[in-house]
Amino acid sequence: MAVDHALEELMSTLGDFGRYQGFQFFLHILSAVLAGMHMLSLVTIAAEPEHRCFLDGIDTNESIALWNSSEVISRIPLNLDGSSLDGCLMYVDDTNETKKCTKYVYDDTFYKETRTTEWNMVCDNRHRAAIAQTIYMLGVFTGAVTLGSLADKIGRKKVFCWSALLQLILGVGVAFVPEYFSFLVMRYLLGIFGSAGSYISGFVLTMELVGPSKRTVCGVSFQAAFASGIMLVAGWAALIKDRQILQVVYGLHGLLLFAHWFLMDESIRWLWTQGRQAEAVNIVAKAAKINKNSEGVDKQYYLSYTKAPRNGSTIQTQKSSYGISDLFKSPRLRIKTLNVCLCWFANSIAYYGLSLSTGKLGGNPFFNLFIMSLVEIPSYIAVILLLDRLGRRSITSSFMIVGGLACIIAVFMAQKSPESTTTVFIGKLFIAGSFAVIYNYSAELFPTVIRNSAMGLGSMCARLAGAFTPLITLLDKFDPKIPAIIFGVVSLVSGLWVLFLPETNNQQLPESIEDGENFGKGDTCFTTCFGRKPADYQLPPEQTVQELENINR
């Protein structure tokens, strides 16, 4: 692989993880907490409580009849499974004929008010709540496409900080929108900046800063932070019953990113590839002092190397900026890109499909949402312990296959039974694990010059899946099994295709487009299993010698 020896030597002066990397990592990972919170906030802000028709003569605006009273039971039919009252129909007078509700009564045991109860987004209007979540995911989709590529052009830090400011403004402002379509617009914009801009840039900043031995722990920690953001959603919703105040509290968490412009540094690797070596060396020099590196950094040595002749001529500068289109210009890089895109899509559709199903599990919805996120933590611990031993490819594939099977098996069990709930939790545990790995895997598969674009494209596919997920859940109107089977089958197919990707464990990060094209050539699960040695791409020996001679000069 064509390695920039000066850059790698410069980064080695910091070590894999010191005090400087620890502080910067803390700044980066805060974006993951906020991303998780904004992503699932609509689960509480627009929750659908249990509901039934408003019964004239029995219910009044001041007093609502008990749900299990004989008057209510005689006027409301049961669901098809006979387990509860129908939420959308009532009997016509004293006949067995039914008609649709014109007004609704909502159970306020867990929710005082939500966007769903405010705008009656139930029954025939149930799709409006699903569209609201879909619009948010489309916003994240847009942010992944535009901001991921933009971060490769103007820098990770600028995209991170501007996104942080806008998510604070939008996160608070959306609480005061009184009308549905304006609400959709605000949610769309919040999706762009709330769960795409800062999160993707923050993750890439970490991956480009820490050493190979710490990438797994740091990458998986981002996923754990995302899950903790969902736990915050459940915790605040359990305490705050007013949906407007609750949304304001969610939005004010953006203040956690307020000081990043002054405290956070730009990616050293990105600065170097953009020809801004002096800035990169200055950051490393500052970081070396924080890490208490007694040798320091010889700035003149690294700056002189950037001007050294290579093969008798001056170094040819690479194209200064790259974009998503560069991921598809060479054949092997194109195949890897498509494979990774499906992997992001499959993980997302299963992850959010299971997360959005918490309301159907029965019991306290806040507790269910909290536990559904909490079960991810053991998965992340297992990933940290196993990933560097078993590799990215095998963990990703096996976790997706098990998670997909759990999705399918759960639908053939009795609804809301302990067995079904346990299987759903198992599915979430494995899908969360594979979703965590794909972040690391993607960051290591693609070269520095298009890494942020690749992460943005992967996130785009994940958010596209997230946008489809609420709409797919509406198919339970025809058969409750359909959504989970779709989630499971997509996960199974992608888990099998991942076996054709190369392993990245303990490999040098690719830097150029050529590196990305040749990285892992001939390495698939099948060549490894049958004992064939992967045809890893290496620099020609004469080129390596020439570069070392230039360094010595």
Side-chain angles (χ1 to χ4, degrees), residues 30 33-51 54 61-62 64 87 103-123 125-140 163-195 198 228-258 355-356 358-359 364-370 373 470:
L30 288 176
V33 178
L34 271 65
M37 185 177 60
H38 290 308
M39 188 76 76
L40 270 296
S41 63
L42 209 62
V43 172
T44 57
I45 295 296
E48 181 182 337
E50 189 175 354
H51 54 88
F54 182 91
N61 293 331
E62 293 77 24
I64 302 299
K103 190 175 178 181
Y104 298 91
V105 171
Y106 296 96
D107 183 359
D108 61 359
T109 302
F110 299 110
Y111 301 98
K112 176 183 176 183
E113 182 187 30
T114 70
R115 287 293 191 179
T116 294
T117 63
E118 181 182 355
W119 293 324
N120 288 327
M121 296 190 295
V122 294
C123 299
N125 289 322
R126 184 184 169 206
H127 64 279
R128 290 164 68 92
I131 288 174
Q133 183 66 31
T134 294
I135 287 294
Y136 182 86
M137 292 294 188
L138 289 177
V140 184
S163 297
L165 175 62
L166 289 169
Q167 72 172 272
L168 170 62
I169 296 171
L170 293 166
V172 174
V174 72
F176 302 97
V177 176
E179 186 264 332
Y180 177 71
F181 292 102
S182 301
F183 176 75
L184 294 184
V185 172
M186 290 287 284
R187 288 285 302 176
Y188 176 76
L189 295 174
L190 182 59
I192 294 176
F193 302 105
S195 294
S198 295
S228 70
I230 302 176
M231 292 183 214
L232 279 177
V233 171
W236 283 120
L239 296 173
I240 303 172
K241 301 303 180 183
D242 186 280
R243 65 93 188 151
Q244 191 173 69
I245 297 176
L246 181 60
Q247 179 61 62
V248 169
V249 170
Y250 290 155
L252 287 176
H253 282 72
L255 292 172
L256 293 173
L257 308 181
F258 185 75
S355 296
L356 295 175
T358 54
N364 188 310
F366 312 126
F367 179 76
N368 289 338
L369 182 60
F370 184 86
S373 303

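Reckoned from all heavy atoms, side chains included, excluding hydrogens, waters and symmetry mates. Residues take their numbers from the sequence shown, with the count starting at 1.
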Notebook entry, point to check: What heavy-atom pair brings S228 and V33 nearest, and what distance separates the two atoms?
Noted result: OG-CG2, 3.8 Å
Item checked: Shortest non-hydrogen contact between P49 and D107, atoms and distance -> CB-O, 3.5 Å
Notebook entry, point to check: When rounded to the nearest 0.5 angstrom, what is the spacing between CD1 in I240 and CD in Q247?
Noted result: 11.0 Å
Item checked: Where V248 and A175 come nearest, the two heavy atoms and their spacing -> CG2-CB, 3.8 Å
Next item on the list: Mark yes or no for whether T134, through its side chain, and A130, through its backbone, hold a donor-acceptor pair below 3.5 Å.
Entry: yes
Next item on the list: Mind checking the CZ-CZ spacing from F110 to F366? Nearest 0.5 Å is all I need.
Entry: 7.0 Å
Note to self: Do L257 and Q167 make a side-chain contact, defined as non-hydrogen atoms from C-beta onward lying under 4.5 Å apart?
What the structure shows: yes
Item checked: Spacing of CD1 belonging to I45 relative to CG belonging to L246, to within rounding of 0.5 Å -> 4.0 Å
Check: Considering residues, nucleotides and ligands other than K112, do more than 12 of their heavy atoms fall under 6.0 Å from its NZ?
Finding: no
Note to self: Looking at V177, is its backbone amide N or carbonyl O close enough to the side chain of S182 to form a donor-acceptor pair, meaning the two atoms are under 3.5 Å apart?
What the structure shows: no
Checklist line | Closest non-hydrogen atom pair, S198 against A164 | finding: OG-N, 3.4 Å
Margin query: If I take atom CD1 from residue I135 and atom CG from residue L190, how far apart are they, to the nearest 0.5 angstrom?
Written below: 13.0 Å
Note to self: Using the rule given for side-chain contact (heavy atoms from CB on, under 4.5 Å), can you reason through C123 versus Y104, listing the C-alpha separation, both sets of side-chain angles and the distance that settles it, and then say yes or no?
What the structure shows: CA-CA 10 Å; C123 299; Y104 298 91; 3.6 Å; yes
Next item on the list: Not counting sequence neighbours, which residues clear salt bridge (charged side-chain N to carboxylate O under 4.0 Å, His left out) with E118? List them please.
Entry: R115, R243
Check: What are the two closest non-hydrogen atoms of F193 and L170, and how far apart are they?
Finding: CD1-CD1, 3.9 Å
Next item on the list: Kindly indicate, with the supporting measurements, whether the criterion side-chain contact (heavy atoms from CB on, under 4.5 Å) is fulfilled by T116 and H51.
Entry: CA-CA 11 Å; T116 294; H51 54 88; over 6 Å; no
Note to self: Once rounded to the nearest 0.5 Å, what's the spacing between atom CD of Q133 and atom CE of M39?
What the structure shows: 8.0 Å
Margin query: Quick one, L232 with H253, criterion side-chain contact (heavy atoms from CB on, under 4.5 Å). Give me CA distance, side-chain angles, the key distance, then yes/no.
Written below: CA-CA 10 Å; L232 279 177; H253 282 72; 4.2 Å; yes
Checklist line | Where G194 and H38 come nearest, the two heavy atoms and their spacing | finding: O-CD2, 3.9 Å
Checklist line | Min side-chain heavy-atom separation N120-Y106 under 4.5 Å | finding: yes
Checklist line | Stepwise side-chain contact (heavy atoms from CB on, under 4.5 Å) check, Y180 with I131 | finding: CA-CA 11 Å; Y180 177 71; I131 288 174; 3.8 Å; yes
Notebook entry, point to check: Atom CG of L252 and atom CG of L168: how far apart are they, to the nearest 0.5 Å?
Noted result: 7.0 Å
Next item on the list: Classify the side-chain pair T44/Y250 by whether it contains a donor and acceptor separated by less than 3.5 Å.
Entry: yes
Notebook entry, point to check: Donor-acceptor pair, N125 side chain versus R128 backbone, under 3.5 Å?
Noted result: no
